[in-house]
K.L.:
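I have a structure I would like to understand better, so I am pasting it below and will then ask my questions one at a time.
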Amino acid sequence: RRPPRSTLSSSSAASDVYKRQLVAGARYTDHDTFGNHTTWNLEYGYLLTRQLKLIAAANTGFRSPSSADRFGFGGNPDLQPEESTNRELALRYQRDKHLFRLNAFDNRIDNLIMYHDPDGWLGPQPGTNQNIAKTRIKGIEAGYEYSNKNWLLSLNAINQDPRDESDDSLLLRRPEQKYSLSVAHRGDQHRVQLDVTHVSKRQDIDSVTFAEITQEAYTLVGLSGEYRFTGAFSASARIENLTDEDYELADGYNTPERSYYMNLRYIF
């Protein structure tokens, strides 16, 4: 039998409402040293089709310098807090076991805290934490995920432009490209996972002379696995930096060589 007209109207309105999602939040920070700050987050999602969602987001951020930033190695007690505004536009497409993601982002940060020398590589204050007045990090991130009962595949790629807007130079130690791959196989008693990450060249400063240098690109490979003997007893192992890559995150600071870890776990 044909339902009453009011029921049809309600169903249509409810269906239309579910196409839209809104998330809003705010935070108030009362900092003893740096005063009061209010930050907020706003996200809006709209289902273009059953599989395709459009998301627009904007938020602000506040980060006060830590005690290490101010008084540790390279510390600067005159540092000011970071304040940021981020905008993002994203598409999500999901069909069966496949998920595609595409994000465009624009992040502007005032007073970014970095190990920096504003007066030149051999200026009066070389090698200290400094505030960079205006910075901007914009770019595109793309991702793909596949998942079924036994397999999980994840691909991610970021292409970004991290800039100091005062002189249009690249920000130190921030890559312009980063790629990652993760493949995992899961069984009733076991799990095996391979992770690969590639990071492009980055600008840096020499830890001794403070001259400008370029850190080479690097690729890290990790392998991990777990086997569950019983519901309570399991063993896991992992190898980090499987190919024994020689790389640095910051000039003059060592990073781990190939490393092995093993863990036995029993739950009482």
Side-chain angles (χ1 to χ4, degrees), residues 11-25 39-61 84-109 136-162 174-200 217-228 234 236-243 245:
S11 299
S12 178
S15 176
D16 190 56
V17 169
Y18 292 142
K19 289 183 178 180
R20 298 174 173 85
Q21 297 174 328
L22 179 66
V23 176
T39 54
W40 53 267
N41 177 65
L42 185 64
E43 300 178 28
Y44 175 76
Y46 183 78
L47 285 175
L48 300 171
T49 68
R50 287 179 176 269
Q51 292 84 26
L52 184 62
K53 178 188 286 189
L54 174 67
I55 302 171
N59 57 72
T60 60
S84 62
T85 301
N86 182 62
R87 291 170 293 182
E88 183 175 343
L89 191 64
L91 285 172
R92 301 284 188 275
Y93 180 80
Q94 185 160 14
R95 187 177 182 87
D96 299 326
K97 302 176 178 65
H98 305 271
L99 172 63
F100 297 88
R101 297 176 286 103
L102 183 63
N103 296 25
F105 58 88
D106 187 352
N107 190 12
R108 298 172 184 263
I109 309 171
R136 183 180 185 183
I137 304 173
K138 60 180 180 178
I140 296 177
E141 180 177 5
Y144 168 75
E145 293 179 17
Y146 172 82
S147 177
N148 64 19
K149 179 181 177 181
N150 298 114
W151 289 95
L152 175 65
L153 170 66
S154 178
L155 298 167
N156 198 71
I158 297 176
N159 185 44
Q160 63 180 8
D161 184 30
R174 280 175 167 77
E176 294 181 87
Q177 291 86 33
K178 184 176 181 180
Y179 309 102
S180 62
L181 162 70
S182 179
V183 182
H185 184 269
R186 301 169 294 193
D188 295 334
Q189 293 180 274
H190 74 277
R191 175 189 60 80
V192 179
Q193 182 167 329
L194 175 70
D195 296 294
V196 182
T197 301
H198 177 79
V199 177
S200 67
Y218 64 88
T219 301
L220 295 180
V221 180
L223 181 64
S224 63
E226 180 180 11
Y227 188 84
R228 188 173 299 277
S234 64
S236 62
R238 74 179 190 275
I239 305 175
E240 296 183 356
N241 195 3
L242 181 65
T243 59
E245 181 89 349

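This structure is a prediction, so every number in the text was calculated from the model and none was measured.
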K.L.:
Going by the rule ring pair (Phe, Tyr, Trp, His ring centres under 6.0 Å), which residues pair with Tyr44 if we only count those two or more places apart in sequence or in a different chain?
P.N.:
none
K.L.:
Could you give the distance from OG (Ser147) to CG (Asp96), rounded to the nearest 0.5 Å?
P.N.:
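With rounding to 0.5 Å, OG (Ser147) is 12.0 Å from CG (Asp96).
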K.L.:
Taking ring pair (Phe, Tyr, Trp, His ring centres under 6.0 Å) as the test, write out the residues that go with Tyr227, two or more places apart.
P.N.:
Phe229
K.L.:
Apply salt bridge (Lys or Arg N to Asp or Glu O under 4.0 Å) to Arg228 and list each qualifying residue two or more places apart in sequence or on a separate chain.
P.N.:
Glu226
K.L.:
List the residues meeting salt bridge (Lys or Arg N to Asp or Glu O under 4.0 Å) with Glu43, not counting sequence neighbours, and say none if there are none.
P.N.:
none
K.L.:
To the nearest 0.5 angstrom, please state how far the CD atom of Gln160 sits from the CD atom of Glu176.
P.N.:
8.0 Å
K.L.:
Compare all side-chain heavy atoms of Tyr218 with those of Leu220 and state whether any distance is below 4.5 angstrom.
P.N.:
yes
K.L.:
Before giving the answer on side chain to side chain contact (heavy atoms under 4.5 Å, CB included), spell out for Leu181 and Leu153 the whole-Å C-alpha distance, their side-chain angles and the decisive distance to 0.1 Å.
P.N.:
CA-CA 8 Å; Leu181 162 70; Leu153 170 66; 3.6 Å; yes
K.L.:
Name all residues meeting the salt bridge (Lys or Arg N to Asp or Glu O under 4.0 Å) criterion together with Arg92; count only those two or more places apart in sequence or in a different chain, and write none if there are none.
P.N.:
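Testing Arg92 for salt bridge (Lys or Arg N to Asp or Glu O under 4.0 Å), a comparison that skips the adjacent residues, returns none.
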K.L.:
Can you list the residues that meet the salt bridge (Lys or Arg N to Asp or Glu O under 4.0 Å) rule with Arg136, with sequence neighbours excluded?
P.N.:
Asp106
K.L.:
With sequence neighbours excluded, tell me which residues meet side-chain contact (heavy atoms from CB on, under 4.5 Å) with Gln177.
P.N.:
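side-chain contact (heavy atoms from CB on, under 4.5 Å) check on Gln177 returns Asn159, Tyr179, Ser200.
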K.L.:
Quick one: list whatever passes side-chain contact (heavy atoms from CB on, under 4.5 Å) with Asn150, sequence neighbours left out.
P.N.:
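Only Asn148, His185 meet the side-chain contact (heavy atoms from CB on, under 4.5 Å) criterion with Asn150.
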K.L.:
Going by the rule ring pair (Phe, Tyr, Trp, His ring centres under 6.0 Å), which residues pair with His198 if we only count those two or more places apart in sequence or in a different chain?
P.N.:
none
K.L.:
Return the CG to CD1 distance between Asn86 and Ile109, rounded to the nearest 0.5 Å.
P.N.:
8.5 Å
K.L.:
With Leu42 as reference, evaluate Asn59, Thr60, Leu22, Val23 under the side-chain contact (heavy atoms from CB on, under 4.5 Å) test and give the passing residue.
P.N.:
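Only one option passes, and that is Leu22.
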K.L.:
Around atom CD1 of Ile140, are there more than 12 heavy atoms from other residues, nucleotides or ligands closer than 6.0 Å?
P.N.:
no
K.L.:
Please table the atom pairs, donor to acceptor, closer than 3.5 Å between any side-chain atom in residues 47-57 and protein atoms at least two apart or in another chain.
P.N.:
{"from": "Thr49", "atom 1": "OG1", "to": "Gln51", "atom 2": "N", "distance (Å)": "3.2"}
{"from": "Thr49", "atom 1": "OG1", "to": "Leu52", "atom 2": "N", "distance (Å)": "3.0"}
{"from": "Lys53", "atom 1": "NZ", "to": "Gln21", "atom 2": "OE1", "distance (Å)": "2.7"}

K.L.:
Enter the distance from Glu88:CD to Phe105:CZ here, rounded to the nearest 0.5 Å.
P.N.:
8.5 Å
K.L.:
Using 0.5 Å steps for rounding, measure from the CD atom of Gln193 to the OG atom of Ser182.
P.N.:
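Spacing of CD (Gln193) from OG (Ser182) equals 4.0 Å.
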K.L.:
If the condition is ring pair (Phe, Tyr, Trp, His ring centres under 6.0 Å), which residues does Trp40 pass it with, not counting sequence neighbours?
P.N.:
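Listed in chain order: nothing, the list is empty.
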K.L.:
Can you tell me if Ser180 and Asn156 form a side-chain donor-acceptor pair at under 3.5 Å?
P.N.:
no
K.L.:
Name all pairs fulfilling the salt bridge (Lys or Arg N to Asp or Glu O under 4.0 Å) condition that reach into residues 144-156, sequence neighbours left out, sorted by first residue then second.
P.N.:
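Qualifying pairs, neighbours excluded: Arg101-Glu145.
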K.L.:
Say you draw a straight line from CG of Asn103 to CD1 of Ile158; how long is it, rounded to the nearest 0.5 Å?
P.N.:
9.0 Å
K.L.:
Please lay out, stage by stage, how Arg191 and Ser224 fare under the test side chain to side chain contact (heavy atoms under 4.5 Å, CB included).
P.N.:
CA-CA 8 Å; Arg191 175 189 60 80; Ser224 63; 3.6 Å; yes
K.L.:
When you compare the side chains of Glu245 and Thr219, does any donor N or O come within less than 3.5 Å of an acceptor on the partner?
P.N.:
no
